[in-house]
Every structure is written in C-alpha cells, then in structure tokens.
Amino acid sequence: MKYFLLKLNGNDSPSRIAKPKDSGDWEGRTCRLQRIGQNALPNPGDALIIWVNERRGGTGLTAFATCESVEASGAIFLSRVELAPAGRVNNAYADSHPIAPFPSIRGAATTSCRELAKSEWNTLVSAVGRRSKILRTPLLIFRVGYMEAYDGPGPIKSGGAHITAKGEGGEMWNFAPTNGRCCGYVMTRHFAGIDITRIGRSLGNNVEGPALKGVDIAFIARKPGVGQVVVGAYMDATVFNKEYRNRLNPSPDRKHRNLDYLCETLVSNAYLVPPAQRNFPIPYAPKDGEGFPGHANVWYGDNKREDVSAFKRRLQTYLRLKAQELPNMGNTTAVQEAVLEDEEREELERIATDKRIRETGRWALVNARIGQGLFRKRVESIEKGCRVTGIANRELLRASHIRPWARSNNREKLDGENGFLLAPHIDHLFDKGYITFSDRGNVVISQRLPDSIIREWRLRSKCRGKPFTPRQRKYLRYHREKIFK
C-alpha cells in the first residue's frame, strides 16, 4: 500500500465532499474526482488524504479515502470516504503548527496528486486526531481453524469437531485469491449463514435484501500456545444474507472441485497477519463476560455493554492500522514472503529456546537455514553440481532447501534429499518459485519470469545430473504445488 495527498480546488471536488456537515452523503460511498493533474497516480487499494483549498470552498484536510480505480484520463474513483472533523487541520492550523513535511499545503491552490512518505501520512493522521466511526461501520468476527497461510490444503488446528475428524475445513481457502476476490467461509450453526437484518438492527438501520456491503470482518483462531487472536481481515466486504454461494476451487488440489463461501471482498481489501504478528487477543465470553465472542463461530457484536463497545473500537482501529501496514492479498508474493519470514523467525526462536534439543542439534538446525554444516554435507553426498548451469565448484554453489526451511519439520530441515546444490541466481529463482523441476528432470519456468531473464541467464529445459531420488520427488511435488508460481 502507498499513500497519496490529493490537493483539490473546491470546484474540482465532487458535490458536497468539501463540506463535512454533509458527511452522510459521502462516508463509505464511492465518488469520482475529475481533472486531476498529477505527479503520481495511486493504484487500487492505496490510501489517500484529500485536501480541499479553503479559498475555493474547502475546509483544508477534508477526508480520508481508498483508491478504487483510476481511469486512463487520470480521473480517480474513491471508496470508503471518511470525512475529517471540520477545521481540524486547515491553512490556519498549518500556519500555527509545525507540520514540517507539508510546507506546500499552505499554498495548495492547484488540483494535484502526489505520493506521501509513511512519516508524512502519520503526521497528518495524528494532526487530525482521526477517529474511526466504528459504531456506524458493521463489524463481524468469524472464528475459524488455525493455519499459517489459508491459501489451500495444509495443516489446520483448533477448528472444532469437523476439523478434528476430517483434518480440513472450508476456511482453508479464505485467503486464496480468485478473479480479483477473496471469498470467506466460516461454519455457521446448521449452515444458516449470516443474518444481515441482525447487523442492521445493531446499527439502528432496517437492512433488507440479498446482501450487505461495507462490512469489516475479523478472522480469529486459537493460536497454539497463545490463545484466541486475529489472523486476518476482510475490509469493506460483502456479506450474503442467510446463503452460502459456490466458487471453483482456486488451488491445484481438486479433491473439492467447488467451495462454499458466504462473504467476499476485493483482494486489495484482504490481508493476512503474519504468524509472528498474530498477537491481538480476543476476549472469550465464558471467561471475560457476556457480549464477547463465545461458542458461536459468528459474532455480531450487538451487545450494548460499554466494555464490549470499547473492545469493538480497539479491534477496528487495529484492523485499519494493519490494513495500512500489511500487503494485501493482491500482492501474493509479498504476502507469502511476509508469512515465510515470520514463520522462520518463530521457528528460529523455538529452536533457540527448546530445551529438548541438544546444543549440537540446535546449531545443526540453525545452520541448515543458511545451507551450512550438516545439511550441506548431506546434500553434497547426493548432489554433485548445479542441475541447471552444470557448475561443479562447490564453493560457488548454495545448498538450497526444496521444501522451504520454515515449512519443514526438524527431520526435513536436515534431510539431504530435501536439497539441491544451485548456482546463486538459480537458487534465487527456485526459492522464489520462478522455476521448479518435473519428476523427469526438466526445468519448468514460470510464466511470470520475463523472457529477457530466460535468455540472458540461459535457462535450459533439462537439468543435469543423475535422476531424482523418491524422496526428492516427494519434496518437489510440494514445491510445484505450494511455491511455484
């Protein structure tokens, strides 16, 4: 996510957006800004601050919003418009307060758009004293089984009797993008789905129809050894009334051809919290009191107790801050890398503090992460050179895990058949999923890898060396299904 400042003249802004007193006309809606001169343009999902010139009918810092799309003409469609308090940060305020990153605001006389540094964004957010109006924004909590990635089949824990018996659940695909969307599943009682009229009653509105838009959804799960925490979120989601819909399974595993879901959002509005950052605690009703999430997998938050309302404010503030900090699911590479980095950090900490592992074993496991020591020796006993370039000088080669280190158990971390010797640039492509190998030894190249790299790096269609062992083929199947792009 990037951050932008839109500086507008009053007559360039949509009707009434410059007047916070008319907030009911714009908050949460979509609007179109025309005739934008720009130094840079946002992308869908980027955050914006809108500054409307006071001398042209504006109020200074007017609103926060999210970019929904940009036309070829430069017109910007905004969604989730949230107006700032009138007069909180205007020209007079800027003249009398040290808002150092914004000397140009005082002369904001032209319509323009420019990118902000995160520090600049934080300065204005702090100056305006932004308050999320969460009691007017629907919020749901879905309790699901605990996973690392939620992008397809994999280890899942603490999800109730069905997951205990079957080892799987519909939530396993909640953060696997399909056609620009993420589709969310939670098991409701008797598969009754979500009652959107109940959501409306909690907001004092009469909500009817097949779906409700603009709902924030926090996904929570019981993290082993920690407790109930937030694992991800859909912002500005659409929830279907008492209905599960159906989509094609987006993962290579087609044991289940079709998947049920009861809510959806754009990939730009969905994010997954990396494992090491999953530390926002969720109260539990039997222990923490009536009104908090209890045994049901869906929490509507419609209890009027002040401590419950305070918890909702804290949770939605947390969700919005995380939405700014974390890569969205449209940036799948960044999400996967963030999850892997946190998995590795957690695993290193676990190894370092696990008293059941002897000191020599602890060093062996840590060194295996960087392709050193016992793991490298075991790989070298099987592999004699780089299978792609043919380089045999071992000083120039890296010992690379086939199944990533962070996703391997202690035995797999040190298994020489879970590794190759690869030239550094080939190791990078393999590690990032731009290439993999077929069981017959052919190099398989991702369509995402530019043709220029394929030519300049002289990637070959067949690898060198002896055939793969049965265990190497097993690890390669995992690499093809989970890592390869």
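These values consider heavy atoms only, across backbone and side chains, with no hydrogens, waters or symmetry-generated copies. Just so you know, these numbers come straight off a predicted model, no measurement behind them.
- For G433 against F484, the heavy-atom pair with the smallest separation is O-CD1, 3.3 Å.
- Under the side-chain contact (heavy atoms from CB on, under 4.5 Å) criterion, N43 pairs with D46, sequence neighbours left out.
- Side-chain atoms of L212 and N241, non-hydrogen and from C-beta on, never get closer than 4.5 Å to each other.
- What you find for I141 and P293 is that their closest heavy atoms are CD1-CG, 4.0 Å.
- Checked against a 6.0 Å centroid threshold, the rings of H479 and F430 count as neighbours.
- Of all heavy-atom pairs between M147 and R278, the closest is O-NH1, 2.7 Å.
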Would you check, one step at a time, whether the test side chain to side chain donor-acceptor pair (under 3.5 Å) holds for R222 with Y284? CA-CA 11 Å; R222 187 166 296 281; Y284 184 53; 5.6 Å; no
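- Here the straight-line distance linking atom OG of S446 with atom CD1 of I453 works out to 12.5 Å at 0.5 Å rounding.
- Between the side chain of E171 and the main chain of G145, a donor-acceptor pair closer than 3.5 Å is present.
- In this structure the side chain of K157 reaches within 4.5 angstrom of the side chain of P224, judged on heavy atoms.
- The CD1 atom of I483 sits 13.5 Å away from atom CD1 of I435, with the distance rounded to the nearest 0.5 Å.
- A distance-only check finds a donor-acceptor pair linking the side chain of S408 to the backbone of R403 [under 3.5 Å].
- For F219 and F175, the ring centers sit closer than 6.0 Å to each other.
- Across every non-hydrogen atom of P404 and Y478, the tightest pair is CD-CE2, 3.9 Å.
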Run the side chain to side chain contact (heavy atoms under 4.5 Å, CB included) test on D236 and T66 for me, step by step, so that the C-alpha distance in whole Å, both residues' side-chain angles and the decisive distance to 0.1 Å come before the verdict. CA-CA 11 Å; D236 199 21; T66 300; over 6 Å; no
Working note: R247 + T178, criterion side chain to side chain donor-acceptor pair (under 3.5 Å); need CA distance, chi angles, decisive distance, verdict. CA-CA 9 Å; R247 63 164 171 159; T178 305; 2.9 Å; yes
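- When ring centroids are compared, Y244 and Y185 come within the 6.0 Å threshold.
- Counting non-hydrogen atoms of other residues, nucleotides and ligands closer than 6.0 Å to CG of N258 gives a total above 12.
- K223 contributes a side-chain N or O that, together with a main-chain N or O of P275, makes up a donor-acceptor pair within less than 3.5 Å.
- In terms of heavy-atom proximity, G214 sits nearest to P138 at O-CD, 3.6 Å.
- The ring of W299 has its center closer than 6.0 angstrom to the ring center of F311.
- In this structure, M235 CE and L319 CG are separated by 5.0 Å, a value rounded to the nearest 0.5 Å.
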Let's go through L315 and V230 carefully: what are the C-alpha distance in whole Å and the side-chain angles of both, what is the deciding distance for side chain to side chain contact (heavy atoms under 4.5 Å, CB included) to 0.1 Å, and is it a yes or a no? CA-CA 9 Å; L315 173 58; V230 175; 3.8 Å; yes
For L5 and I50, run side chain to side chain contact (heavy atoms under 4.5 Å, CB included): C-alpha distance rounded to whole Å, both residues' side-chain angles, the deciding distance at 0.1 Å, then the answer. CA-CA 6 Å; L5 173 67; I50 302 171; over 6 Å; no
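- Taking the ring centre of Y271 as origin, the terminal cationic atom of K322 falls outside the region bounded by 6.0 Å and 45° from the ring axis.
- Contact check for I445 versus I454: side-chain heavy atoms found under the 4.5 Å cut-off.
- Considering every non-hydrogen atom in both P42 and L48, the closest pair reads CG-CD2, 4.0 Å.
- A heavy-atom distance below 4.5 Å is not found between the side chains of P155 and R407.
- In this structure, a donor-acceptor pair under 3.5 Å is present between the side chains of D427 and S400.
- Taking the side chain as every heavy atom from C-beta outward, T238 and T265 never approach each other to under 4.5 Å.
- When atom types are taken as modelled, the side chain of R143 and the backbone of A296 share a donor-acceptor pair closer than 3.5 angstrom.
- In this structure, the separation between CD on E115 and CZ on F4 is 4.5 Å, given to the nearest 0.5 Å.
- Taking the side chain as every heavy atom from C-beta outward, L262 and T188 approach each other to under 4.5 Å.
- Under a 3.5 Å cut-off, the side chain of Y234 and the backbone N or O of G184 do form a donor-acceptor pair.
- Salt-bridge annotation for D260 and R245: absent, with no side-chain N of the basic residue lying under 4.0 Å from a carboxylate O of the acidic one.
- The CD atom of E264 sits 10.5 Å away from the CG atom of N179 when rounded to the nearest 0.5 Å.
- Between the side chain of Q316 and the backbone N or O of R313, no donor-acceptor pair lies under 3.5 Å.
- The pair R480-D439 meets the salt-bridge criterion, since a charged nitrogen lies less than 4.0 angstrom from a carboxylate oxygen.
- Under the 4.5 Å side-chain criterion, counting only non-hydrogen atoms from C-beta, N249 is in contact with W173.
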Apply side chain to side chain contact (heavy atoms under 4.5 Å, CB included) to the pair L326 and Q277, showing each step before the final yes or no. CA-CA 11 Å; L326 296 174; Q277 298 180 35; 3.8 Å; yes
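- Note: C263 SG to K213 NZ = 14.5 Å, rounded to the nearest 0.5 Å.
- P424 has its side chain out of reach of H428: every pair of non-hydrogen atoms, C-beta onward, lies at least 4.5 Å apart.
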